[in-house]
Amino acid sequence: MDDLKKGREYELLVEKLVFGGKALARVEGLVVFMDHAVPGQRVRALITRKKRQYCEARVVEVLSQSEAYTEPVCPHFGVCGGCQWQDIAYEEQLKWKRVQVADSLEHLAGAEGVEVEAAVPSDRLIHYRNKMEFTFSDRRWLTPEEIDAAGMRDAYTFTLGLHVRSWFDKVFNVEDCLLESAEAVEIVKETRDWCRGSGVPAYGIKSQRGFWRFLVIREGKRTGQTLLHLVTSDQPEHEAAVDILTRHLVSRFPHITTVVHSVSRKKAQVAFGDQSRVVAGPGVIEEQLGGLRFRISAESFFQTNPFSAEKLYDEVSRLAAFQGTETVWDLYCGTGSIALSVAPRVARVVGFEVVDQAIEDACVNAGLNGIENARFVSGDLKERINQARGPGSGEHRPDIVITDPPRAGMHPQVVGALLEMGPGRIIYVSCNPATLARDLAFFTERYEIGTVRPFDLFPHTPHIECVVRLDRKR
């Protein structure tokens with residue numbers, strides 16, 4: 001092991017895929033992590049980093065191919081930060097996603113012997129996303145071929161696209177993408193061409209100067225409605241350019257039903273604004289999910305894969321085993337999609353969410369669907385829960401709690417509040433097996449882990465959703 005050095009090449013057999021999407025092999029007993037390698041491949045790999053307990057490597061050559069390999073179809077595969085499993089057969093992707101959930105529960109939650117069911121496949125493998133974020137940059141990432149052909153003189157150029165894998169400050173021009181829709185790609189290319197010719201500069205991720213920052217495209221997959229969200233820096237002198245661009249895009253793409261412009265004063269690269277205005281249309285779009293209508297605004301959370309989300313919501317209701325008399329709390333409820341889907345099956349449901357705009361949308365969504373036994377509460381979740389369960393609050397204590405937290409998982413104080421309330425059943429919906437396992441470790445003293453069912457809402461990526469049923473011990 002002492003002879004293993006950075007910069008040396010080794011012949012490796014790829015054993016498995018691990019959490020985060022990397023492939024794992026071993027050399028001289030030491031674990032080696034690699035990107036873009038498929039279990040069963042024999043590869044020649046260059047050690048790029050050596051640590052005491054593991055190494056990182058880059059695949060130089062595939063010496064023998066795996067039966068699990070499939071030819072990627074996206075021209076940006078290998079450069080783009082998304083779809084990193086596109087070269088792995090879909091059944092193999094599902095297999096390893098289930099393994100990752102099982103490994104996380106065993107090693108991080110200490111939940112040995114818990115059965116993890118087979119991952120439920122996505123209904124669509126391409127064009128399944130209803131939202132994509134694209135980044136403007138004043139410095140385009142160049143391919144090696146472009147550098148050889150043109151030198152570095154074109155390095156500082158206007159671009160609108162996606163991030164190069166593992167680089168927050170490198171953006172490449174998107175010419176095709178199989179995630180959202182072909183129409184969305186055309187909107188990106190037209191926006192890039194127009195903005196580049198406008199004379200108004202793109203925002204520099206490093207210089208923190210410039211105007212154009214993000215283009216977010218949200219689609220109603222079943223309604224055909226499209227929302228564009230343009231995020232710029234705070235430069236009022238360029239605001240008219242947004243209006244002109246909007247008129248151009250709406251005339252070119254009739255399915256664009258609304259455009260929102262947000263101004264961001266933040267240095268952080270997040271596609272949210274400090275203030276917003278509606279430039280065209282109603283400022284929202286609608287989507288249909290499980291027989292319900294939902295209003296979606298520019299910054300509200302909504303399930304990215306609506307086709308598979310319906311299956312996931314059906315599973316939530318099945319595992320909750322509602323009798324029709326329950327009070328249900330839906331934590332991290334977003335625009336109310338889960339709360340409203342279960343409302344007809346229970347006595348009452350209360351949704352909690354920190355994003356005010358999402359709560360506004362949730363209330364409107366309840367009205368759109370004629371649902372009167374659901375209400376929604378905005379504010380800091382841990383504070384709101386403590387208020388709701390306090391004496392004199394007038395709030396019914398929950399019989400069942402549904403929680404669907406962000407990737408960071410549940411705040412420890414929220415976990416503590418649930419343990420004190422002790423609802424009879426908790427349905428945990430997770431998009432991150434690691435934080436799911438961390439949180440479940442706190443519950444296992446007082447709750448039994450029942451069904452664990454992964455759902456693939458993100459084909460060709462390592463991401464996996466999971467629904468877990470917890471029953472309070474007698």
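Note that these values count all heavy atoms, side chains included, but never hydrogens, waters or copies made by symmetry.
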Side-chain H-bond candidate by donor/acceptor type, Gln235 with Arg209, under 3.5 Å: no
Side chain to side chain donor-acceptor pair (under 3.5 Å): pairs with one or both residues in residues 158-167, sequence neighbours excluded: Asp35-Arg165, Gln84-Arg165, Thr135-His163, Thr159-Asn173
By side chain to side chain contact (heavy atoms under 4.5 Å, CB included) - contacts of Lys206 (at least two apart): Asp169
Whether Trp141 and Phe172 hold their rings parallel, tilted or perpendicular, with breakpoints at 30° and 60°: perpendicular
Between Gln65 and Gln41: side-chain donor-acceptor atoms closer than 3.5 Å: yes
Flag for His261-Thr232: side-chain donor and acceptor within less than 3.5 Å: yes
No-hydrogen, no-angle side-chain donor-acceptor test under 3.5 Å, Glu190 and His248: yes
Contact summary for Phe294 and Ser337, nearest pair of heavy atoms: CE2-CA, 3.3 Å
Nearest-0.5 Å distance, OH of residue Tyr313 to CG of residue Asp404: 7.0 Å
Pi-cation contact, Phe136 with Arg213 (under 6.0 Å, within 45°): no
Between Trp96 and Gln100, a side-chain donor and acceptor under 3.5 Å: no
Polar contact flag, side-chain donor to acceptor under 3.5 angstrom, Ser300-Asp361: yes
Flag for Ser122-Asn305: side-chain donor and acceptor within less than 3.5 Å: yes
